[in-house]
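As structure tokens, the structure follows; a few thoughts come after it.
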Amino acid sequence: MVKIRLKKFGTKKRPDYRIVIQDARKPRDGVTVEEIGQYHPIAAEDKQVCFNEERAKYWLSVGAQPTDMVRKIFNSKGLSVTGKSLAK
């Protein structure tokens, strides 16, 4: 099973995440299939998230399951993700 999840970078109290496509059996910071974006939770509201929407739609269409946090990020940016369906 393939998941869309966050991969942690940054230092203590300065988190930085990449939105990645990864095998669900691999560890959080392990080998990824593809990196599709970034999430900076402590940046200004309009600069927190950037991701390749086309690649996200592709991976969702082939069955990749987003984690809860990634689902929230996608929904906040207008990419509606509910269960296995994709709508926009």
Side-chain angles (χ1 to χ4, degrees):
M1 175 191 256
V2 179
K3 288 212 173 254
I4 303 174
R5 60 168 55 158
L6 296 176
K7 185 174 182 178
K8 187 176 183 193
F9 286 88
T11 60
K12 187 176 181 180
K13 298 187 181 180
R14 304 272 312 160
D16 183 27
Y17 299 93
R18 293 184 187 161
I19 302 170
V20 298
I21 312 302
Q22 193 172 31
D23 186 345
R25 297 169 291 190
K26 300 290 181 182
R28 177 194 69 188
D29 295 335
V31 178
T32 63
V33 176
E34 182 179 357
E35 293 181 6
I36 61 171
Q38 295 182 345
Y39 171 57
H40 308 285
I42 59 175
E45 189 72 31
D46 59 334
K47 296 181 181 179
Q48 283 185 347
V49 178
C50 65
F51 64 92
N52 185 336
E53 193 170 329
E54 291 179 19
R55 294 305 292 167
K57 286 181 181 179
Y58 166 76
W59 282 105
L60 290 167
S61 71
V62 296
Q65 294 296 310
T67 59
D68 292 338
M69 189 63 199
V70 173
R71 182 176 283 116
K72 283 183 185 179
I73 291 170
F74 285 172
N75 287 336
S76 73
K77 288 299 180 181
L79 183 63
S80 181
V81 180
T82 56
K84 293 186 179 182
S85 65
L86 172 67
K88 182 172 182 184

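As the structure is a prediction and not an experimental result, all values here were calculated from the model.
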**Report entry** Stepwise side chain to side chain contact (heavy atoms under 4.5 Å, CB included) check, Leu6 with Ile19
**Finding:** CA-CA 5 Å; Leu6 296 176; Ile19 302 170; 3.7 Å; yes
Requested in this report: Step by step, work out the side chain to side chain contact (heavy atoms under 4.5 Å, CB included) result for Phe74 and Lys72.
Outcome: CA-CA 6 Å; Phe74 285 172; Lys72 283 183 185 179; over 6 Å; no
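For Asp23, the side chain to side chain donor-acceptor pair (under 3.5 Å) test picks out Arg25, with sequence neighbours left out. Arg14 pairs by the salt bridge (charged side-chain N to carboxylate O under 4.0 Å, His left out) definition with nothing, not counting sequence neighbours. Asp68 pairs by the salt bridge (charged side-chain N to carboxylate O under 4.0 Å, His left out) definition with Arg71, not counting sequence neighbours. For Asp16, the side chain to side chain donor-acceptor pair (under 3.5 Å) partners are His40, not counting sequence neighbours.
Under the 4.5 Å side-chain heavy-atom criterion for grouping Ile, Leu, Val, Met, Phe, Trp and Tyr, Ile21 is connected to Val62 within one hydrophobic cluster. The cluster map of Ile, Leu, Val, Met, Phe, Trp and Tyr, joined by side-chain heavy atoms under 4.5 Å apart, puts Val49 and Val20 in different clusters.
Between the CD atom of Gln38 and the CD1 atom of Ile73 there is a distance of 11.5 Å, given to the nearest 0.5 Å. Between the CZ atom of Phe51 and the CG atom of Leu79 there is a distance of 5.0 Å, given to the nearest 0.5 Å. Summarising the geometry, atom CD belonging to Glu54 is positioned 12.0 Å from atom CD1 belonging to Ile36; distances are rounded to the nearest 0.5 Å.
Applying the salt bridge (charged side-chain N to carboxylate O under 4.0 Å, His left out) test to residues at least two apart or on different chains, the pairs with a partner in residues 29-41 are Arg18-Glu35, Glu34-Arg55. For residues 1-13, the pairs satisfying side chain to side chain donor-acceptor pair (under 3.5 Å) are Arg5-Gln22, with sequence neighbours left out.
At least one side-chain heavy atom of Met69 sits less than 4.5 Å from a side-chain heavy atom of Tyr39.
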